[in-house]
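The shown structure was predicted, so the numbers you read here are calculated from the model rather than taken from an experiment.
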Amino acid sequence: MGVLNYLTRSGSSLLLSVAALTSVGAVAAPPSETGDAAAVDSVTQCEFAQLTIATDFDTARVDGCEQTAEHAYRLHLKPENLPINPSPWYAFRLEPNGLTQAQEIKITLVSHNGPARYAPKVSTDKFQWQPIPYSENDNRMQFKVTLQPSQYVYVAGQEIIDAAMYDNWLESLPQGPQQQLFTLGESAQGRPLPAYQHIAGEDKPWFVIIGRQHPPEVTGALALMHFSNELLFSDAAVLERLRSEFNILLVPLMNPDGVALGNWRHTTGGVDLNRDWFKRAEPESQQLHAFLQKREAAGEEVFFALDFHSTHYNIYYTMPADYTRPDGTALQHPHLVTDWLAELAARIDWEVKDKPGSNPDRGVFKQYVADTFAVHAVTYEVGDNTNRQEIKTTAEAAVLTLAETLLERLPK
């Protein structure tokens, strides 16, 4: 199944497959790709007599490799810097050299500074992905891949969603006088921070959606896209009303450098972006903060925010309903989130886990929104191995129930 075939919307002709996102048909991988130069070096471009393990594309990551037997290879995964939350990412392309018939090879991944996390998936085109059997033992993961003559195979810890795919997806969203693509700013390495805004009116409150602060968190990216598609395309009356009452800001790729370089967690400055919202040492957090401050200075209220992530299971990290800011003021609409998640739980077949918590010194985005704007924000976490149809179904129910909950809080 294609990575973003899950983004098909019932009742719509819009199909957001990876092929559609990248404006490229599902064809065999080319001999080489124009990737980010920083992702390619002599260590990670592993060449052997019968096989090349290539990393010349955005999101690619291997930190050393060796041949251990005739058809067996060991690949090393190392973090960009330490300390780090261990999320050993990998993505590479297998290029057989001179094969005349099918050949099975054995791959062992060795994760340094962290246990194995992401189950392997394979693709011949980066659009259609299949999980493959594997075994794991602490920091090692082993699996086999069958190579065919003259056919390249991509291997990655999750489906690949790179900057080009985000750009094509954003371009597919409604465009017009009230809906525009724009660039929020640039990353530390000069990559754009793509953004989209829907403007209901200068006096309307803002609903803010961000994602991909942590590079490998692809299931969160899928949920964000499903959620945003329903939010912006649906003709459901409640969503049409939401679009008439709220300005919407969407920044789906907050850490473009980390994604391009296949980082485990951090920016190129070695910073966990979701711990930087009070220090704002990184240009990515600085630029979103500047945008929101400008809106507030213009008298436009930040009303609610969602931050999409992935972890080992589905969970919603929220602010406590009775949270009081350091200046002694309570958050507006204290029961907004608890009411929303209760309604969501009533409409889907899966458990909705809500974990309220306050971390005043950690610099996470939801805490920043609460302390800066006195409103609720939620970290919407999706399990690494959550069924992709479940991600879609949950996201579509989440946006409908959230719209109802937000609209109930507007002044009559």
Scan Phe303, Phe373, Phe304 and name whichever one has a ring-ring contact (aromatic ring centres under 6.0 Å, His included) with His333.
Phe303
Could you tell me whether the side chain of Asn139 and the main chain of Val110 form a donor-acceptor pair under 3.5 Å?
no
Is a donor from one side chain sitting under 3.5 angstrom from an acceptor on the other, for Glu301 and Trp206?
no
Do Thr108 and Arg74 meet the criterion of a side-chain donor-acceptor pair at a distance under 3.5 Å?
no
Work out which heavy atom in Ala188 is nearest to a heavy atom in Asp257; give both atom names and the distance.
N-OD2, 3.4 Å
Taking all non-hydrogen atoms of both residues into account, name the closest pair between Glu70 and Gln50 and its distance.
O-OE1, 3.2 Å
Atom pair CG (Asn247) and CD (Glu300), whose distance is rounded to the nearest 0.5 Å:
6.0 Å
Between Lys392 and Glu396, does the salt bridge (charged side-chain N to carboxylate O under 4.0 Å, His left out) criterion hold? Intermediate values first, please.
CA-CA 6 Å; Lys392 180 177 188 293; Glu396 291 174 351; 2.9 Å; yes
Among Asn81, Asn255, Asn85, side chain to side chain donor-acceptor pair (under 3.5 Å) partner for His266:
Asn81
Test side-chain contact (heavy atoms from CB on, under 4.5 Å) applied to Leu109 and Phe143, step by step
CA-CA 9 Å; Leu109 301 179; Phe143 52 89; 3.7 Å; yes
Would you say NZ of Lys106 has more than 12 non-hydrogen atoms from neighbouring residues, nucleotides or ligands within 6.0 angstrom?
no
For the side chain of Trp340 and the backbone of Ala398, is there at least one donor-acceptor N/O pair under 3.5 Å apart?
yes
Return the minimal non-hydrogen interatomic distance between Leu224 and Ile210, and the atom names on each side.
CD1-O, 3.5 Å
Taking the six-membered ring where the residue is Trp, are the ring centres of Tyr368 and His289 under 6.0 Å apart?
yes
Can you tell whether the side chains of Arg265 and Asp272 come within less than 4.0 Å, N to carboxylate O?
yes
Could you verify whether a donor N or O on one side chain and an acceptor N or O on the other, from Thr124 and Gln128, lie under 3.5 Å apart?
no
Assess the residue pair Thr379 and Val364 against the criterion (side-chain contact (heavy atoms from CB on, under 4.5 Å)); give the C-alpha distance rounded to whole Å, side-chain angles, the decisive distance to 0.1 Å, and a yes or no.
CA-CA 9 Å; Thr379 304; Val364 299; 5.9 Å; no
I need the Tyr73 OH to Cys46 SG distance, nearest 0.5 Å.
11.0 Å
Show, in sequence, the C-alpha distance, side-chain angles and deciding distance for Thr59 and Asp162, and conclude whether the side-chain hydrogen bond (donor to acceptor under 3.5 Å, both in side chains) test is met.
CA-CA 7 Å; Thr59 77; Asp162 60 19; 5.9 Å; no
For the backbone of Gly185 and the side chain of Thr183, can you confirm whether one donor and one acceptor N or O come within less than 3.5 Å of each other?
no
Distance-only side-chain donor-acceptor flag, Asn274 / Gln213, under 3.5 Å
yes
Separation between OG1 (Thr386) and CG (Leu222), nearest 0.5 Å, reads 10.5 Å
Closest approach of Tyr166 and Ala221, non-hydrogen atoms and distance?
OH-CB, 3.3 Å
Return the minimal non-hydrogen interatomic distance between Val382 and Ala223, and the atom names on each side.
CG2-CB, 3.7 Å
Verdict with reasoning, Arg388 to Glu159, per salt bridge (charged side-chain N to carboxylate O under 4.0 Å, His left out):
CA-CA 11 Å; Arg388 276 30 179 180; Glu159 305 93 323; 2.9 Å; yes
Note: Arg61-Asp63 ion pair, threshold 4.0 Å (strictly below)
yes
With the side chain counted from C-beta on, respond yes when Ile248 and Gln197 share a heavy-atom pair under 4.5 Å apart, and no when they do not.
no
Got a sec: does the CD of Glu202 have more than 12 other heavy atoms crowding it under 6.0 Å?
no
When you compare the side chains of Glu381 and Thr311, does any donor N or O come within less than 3.5 Å of an acceptor on the partner?
no
Using the rule given for side-chain contact (heavy atoms from CB on, under 4.5 Å), can you reason through Tyr196 versus Gln179, listing the C-alpha separation, both sets of side-chain angles and the distance that settles it, and then say yes or no?
CA-CA 7 Å; Tyr196 175 93; Gln179 302 95 6; 3.1 Å; yes
Would you please say whether a donor-acceptor pair under 3.5 Å links the side chains of Glu390 and Asn314?
yes
Stepwise side-chain hydrogen bond (donor to acceptor under 3.5 Å, both in side chains) check, Glu47 with Thr52
CA-CA 4 Å; Glu47 297 188 12; Thr52 296; 4.9 Å; no
Closer than 3.5 angstrom, by distance alone: can the side chain of Gln67 be matched with the main-chain N or O of Ala69 as a donor-acceptor pair?
yes
Go through Tyr323 and Gln367 one step at a time and tell me if the side-chain hydrogen bond (donor to acceptor under 3.5 Å, both in side chains) criterion holds.
CA-CA 10 Å; Tyr323 176 71; Gln367 184 80 42; 2.8 Å; yes
Side-chain H-bond candidate by donor/acceptor type, Gln332 with His376, under 3.5 Å
no
Can a donor-acceptor pair be found between the side chains of Asp384 and Ser310 at a distance below 3.5 Å?
no
Any side-chain heavy atom of Ser228 sitting closer than 4.5 Å to one from Trp169?
yes
Salt bridge or not for Asp235 and Arg243, using N-O below 4.0 Å?
no
Verify the ring-centre separation between Trp264 and Tyr90: is it less than 6.0 angstrom?
no
Between Phe365 and Trp277, is the gap from one ring center to the other below 6.0 Å?
yes
Pair Arg325-Leu331, side-chain contact (heavy atoms from CB on, under 4.5 Å): steps then yes or no
CA-CA 7 Å; Arg325 298 195 302 168; Leu331 301 187; 4.0 Å; yes
Lys121/Gln130 under side-chain hydrogen bond (donor to acceptor under 3.5 Å, both in side chains): CA gap, chis, key distance, verdict
CA-CA 5 Å; Lys121 300 167 184 64; Gln130 294 291 337; over 6 Å; no
Rounded distance [0.5 Å steps], CD in Glu230 versus CG in Leu239
6.0 Å
Look at the aromatic rings of Phe207 and Phe246 and report parallel, tilted or perpendicular, splitting at 30° and 60°.
perpendicular
Would a distance-only check, ignoring hydrogens and angles, find a side-chain to backbone donor-acceptor pair under 3.5 Å from Gln287 to Glu186?
yes
Are Glu95 and Arg93 within salt-bridge range, i.e. N to O under 4.0 Å?
yes
Looking only at heavy atoms, what is the nearest atom pair of Pro79 and His112, with distance?
CD-O, 3.7 Å
Measuring centre to centre across the rings, with the benzene-like ring taken for any Trp, is Tyr317 within less than 6.0 Å of Tyr380?
no
Taking 4.0 angstrom as the limit, do Lys366 and Asp307 come out as a salt bridge?
no
Output for pair (Leu181 CG, Leu173 CG), nearest 0.5 Å, gives 7.0 Å
Cationic N near anionic O, under 4.0 Å, Glu404 to Arg347
yes
Please report the interatomic distance CG(Asp354) to CG(Leu341), rounded to the nearest 0.5 Å.
5.0 Å
